[in-house]
Enquirer: 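One structure follows; several queries about it will come next.
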2 protein chains.
Amino acid sequence: MTDNAVPPSTRAYESLRSAVLHGDFRPGQPLKPQELASSQGVSLAVVRESLLRLVGEGLAERLPNRGFVVPEAGDARWQVIAEARAAVEPTMLRMSIARGDLEWETRVRAAHHRLARTPTYDNETDAHYSDAWATAHHEFHRALLDACGNDVLLDTFERFWTASELSRRWSAAESPGRDAVAEHLRLEQLALTREGDAAAEALVAHLGMTAANLAKAGRKS
Amino acid sequence: MTDNAVPPSTRAYESLRSAVLHGDFRPGQPLKPQELASSQGVSLAVVRESLLRLVGEGLAERLPNRGFVVPEAGDARWQVIAEARAAVEPTMLRMSIARGDLEWETRVRAAHHRLARTPTYDNETDAHYSDAWATAHHEFHRALLDACGNDVLLDTFERFWTASELSRRWSAAESPGRDAVAEHLRLEQLALTREGDAAAEALVAHLGMTAANLAKAGRKS
DNA sequence: CTAGCGGGGATAATCGATTATTGCTAGCGT
DNA sequence: ACGCTAGCAATAATCGATTATCCCCGCTAG
């Protein structure tokens, strides 16, 4: 039969994770086990397990004997995460470009196509971009780095990405003037033509960093 | 004030973590909640919490409905982690060297001094290096990167380090011919003289990687 | 003799209740 | 009036027991 077999624990975890990422809770706001348990119809134990998992992912913070809260997020935090991504992802992109095969090229093209054809906003009223676009955006960036051949680095990418999504949700970092579409197109093309150095530079620029900011980060703003 | 106030949960977690890192459990071996609970005199819930925390740290793996096991570790895994470290840490070292102040220099010197004066092995019979040396080794590498000014990257370093320690424990990766002492000394000196590029190269070499291995990643000259 | 099919034991997951800790507040003493 | 301390309510942490799931093994049919 339709063995949907999704354990309560997983359901609660995914629901809570999605809620945090969607911004249903403000940074610093306590995640009260009681409310979550009753609102989801599960016991405290599974809520606790969900929270522990979120902590492992960086989507919740634990204050011993004082419960769990949503971690800090905002402009400053986003800057830190962007710098971290700019420190790691260019190297991964070079590795991916050097190692990627035809399968990889195909995935990159497919991911870019979906991203380019997915509307950023569901409708005019939404302040934040749509889930579909966020997924496509994630998939495209993931595809670019996919062929780096190192799952530890890919895990790190995923970790940075979720942290980045949370912080962007609570920051005004949406530079409205930027032409993200053109930047993604350029990234795709440089990847497919195997121009590692140029692609790495384009990625740093895409992250809103200048190369100077990074490698020789002498001065701080 | 005998207020030692270490909650059972934390005690169990630390104990289990230490046991895994010391190699008391073989990779792939199930971590049985029952045994751990009775051996530590706590309930299943706190063992479960400890295991969830370990999962978040990468020191345990969860097989749904089949419990928890120690993750794979060995030569191959160690190589992957070393490559990841070689992809990330040189950039962090450059940032640290660019941004570090006198306080940082002092910490680096202190950490190197302790490392250099700590015997690697407690006694001749031990197959693995001592806890004191492992701590000093960790502290030295951490100190080198400490001033990079990005806590997200530092968290990533810590994550890589623990994974690295676990894998090294189960691999024969101890290249006996290597002169780790000289390599650490060189790293300290290049850091203190602020030679970022040379230090980054020395770090890659210290990790047992050749620059070519990284698909010429991290080259920023 | 082999492949498929339950039965039974082990163990992971979940629950409801109990215990410990925290932050607040009212009361006391100076 | 002010600061300090003991009591109180809220809630985090822990526990013991119950329920659900998986895996192994013996059985039976072909």
Side-chain angles (χ1 to χ4, degrees), chain A residues 1-20 24-73, chain B residues 1-20 24-73:
Chain A
M1 321 339 185
T2 59
D3 196 5
N4 276 359
V6 178
S9 166
T10 300
R11 183 186 310 285
Y13 160 73
E14 287 173 352
S15 158
L16 186 52
R17 180 194 147 100
S18 157
V20 170
D24 295 354
F25 304 93
R26 209 163 296 275
Q29 179 173 349
L31 297 166
K32 304 192 179 184
Q34 295 285 12
E35 295 179 7
L36 300 169
S38 57
S39 88
Q40 285 232 348
V42 292
S43 91
L44 289 175
V46 328
V47 172
R48 202 175 168 76
E49 165 165 340
S50 302
L51 288 166
L52 259 332
R53 283 215 246 173
L54 260 338
V55 169
E57 235 181 318
L59 286 180
E61 195 173 335
R62 183 183 191 176
L63 314 180
N65 281 325
R66 285 206 274 136
F68 300 83
V69 299
V70 177
E72 280 314 309
Chain B
M1 330 164 120
T2 57
D3 195 5
N4 276 1
V6 178
S9 166
T10 300
R11 182 185 308 285
Y13 160 72
E14 287 172 354
S15 159
L16 185 52
R17 179 194 147 96
S18 157
V20 169
D24 295 354
F25 304 93
R26 211 163 295 276
Q29 179 174 348
L31 297 166
K32 304 191 181 181
Q34 296 284 11
E35 294 179 6
L36 300 169
S38 57
S39 87
Q40 286 232 349
V42 292
S43 91
L44 289 174
V46 328
V47 172
R48 202 177 168 75
E49 166 166 339
S50 302
L51 288 167
L52 259 332
R53 283 213 245 174
L54 260 341
V55 169
E57 234 180 321
L59 286 179
E61 195 174 337
R62 182 182 193 181
L63 315 178
N65 281 324
R66 285 207 273 135
F68 301 83
V69 298
V70 176
E72 279 315 309

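Reminder, nothing fancy here: chain letters follow the sequence lines and each chain counts from 1.
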Enquirer: Between Arg53(B) (CZ) and dA13(D) (C1'), how many Å, whole number?
Expert: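 Those two atoms, CZ and C1', are 12 Å apart.
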Enquirer: Expressed as a whole number of angstroms, how long is the span from Arg48(A):CZ to dT14(D):C1'?
Expert: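 Arg48(A) atom CZ is separated from dT14(D) atom C1' by 8 Å.
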Enquirer: Around atom CZ of Arg66(A), are there more than 12 heavy atoms from other residues, nucleotides or ligands closer than 6.0 Å?
Expert: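 Counting neighbours around CZ of Arg66(A), 12 or fewer heavy atoms of other residues, nucleotides or ligands fall under 6.0 Å, so no.
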Enquirer: Is a side-chain N or O of Ser18(B) found less than 3.5 angstrom from the main chain of Glu14(B), in a donor-acceptor match?
Expert: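 The answer is no, because no donor-acceptor pair under 3.5 Å joins these two groups.
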Enquirer: OP1 or OP2 of dA13(C) versus the side-chain N and O atoms of Arg62(B): is any pair under 4.0 Å?
Expert: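 Yes, such a contact exists.
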Enquirer: Calculate the interatomic distance between Glu49(A) atom CD and dT14(D) atom C1'; express it in whole Å.
Expert: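 Going from Glu49(A) (CD) to dT14(D) (C1'), I get 16 Å.
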Enquirer: Which nucleotide in the list dT14(C), dT11(D), dC15(D) gets nearest to the side chain of Lys32(A)?
Expert: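 From the listed options, dT11(D) comes nearest.
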Enquirer: Is the number of heavy atoms from other residues, nucleotides or ligands within 6.0 Å of CD (Gln29(A)) greater than 12?
Expert: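 Enclosed: over 12 neighbouring heavy atoms sit under 6.0 Å from CD of Gln29(A).
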Enquirer: How long is the line joining CG of Leu63(B) and P of dT11(C), in whole Å?
Expert: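 Checked: the CG to P distance equals 15 Å.
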Enquirer: Grab the CD-C1' distance between Gln34(B) and dA13(C) for me, whole Å please.
Expert: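 Atom CD in Gln34(B) sits about 12 Å away from atom C1' in dA13(C).
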Enquirer: Between Leu52(B) (CG) and dA13(C) (P), how many Å, whole number?
Expert: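 In whole Å, dA13(C) P lies 9 Å from Leu52(B) CG.
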Enquirer: Tyr13(A) has an atom OH; how far is it from atom P of dA13(C), in whole Å?
Expert: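 Going from OH in Tyr13(A) over to P in dA13(C) covers 15 Å.
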Enquirer: On DNA chain C, check which nucleotide each of Arg66(A) and Leu44(A) is closest to and give me the residue with the more 5' one.
Expert: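 It is Leu44(A) whose nearest nucleotide is closer to the 5' end.
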Enquirer: Assuming nearest nucleotide by heavy-atom distance, tell me which of Ser9(A) and Asn65(A) is located more 5' along DNA chain C.
Expert: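 It is Ser9(A) whose nearest nucleotide is closer to the 5' end.
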Enquirer: Could you state the CG-P distance from Leu51(A) to dA13(D), rounded to the nearest angstrom?
Expert: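 Distance, rounded to whole Å: 10 Å.
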Enquirer: Return the CG to CG distance between Leu16(A) and Leu54(A), rounded to the nearest 0.5 Å.
Expert: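 These two atoms lie 5.0 Å from each other.
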Enquirer: Would you mind telling me which of dA12(D), dT14(D), dA12(C) lies closest to the side-chain atoms of Pro33(A)?
Expert: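 Given the options dA12(D), dT14(D), dA12(C), the side chain of Pro33(A) is closest to dA12(D).
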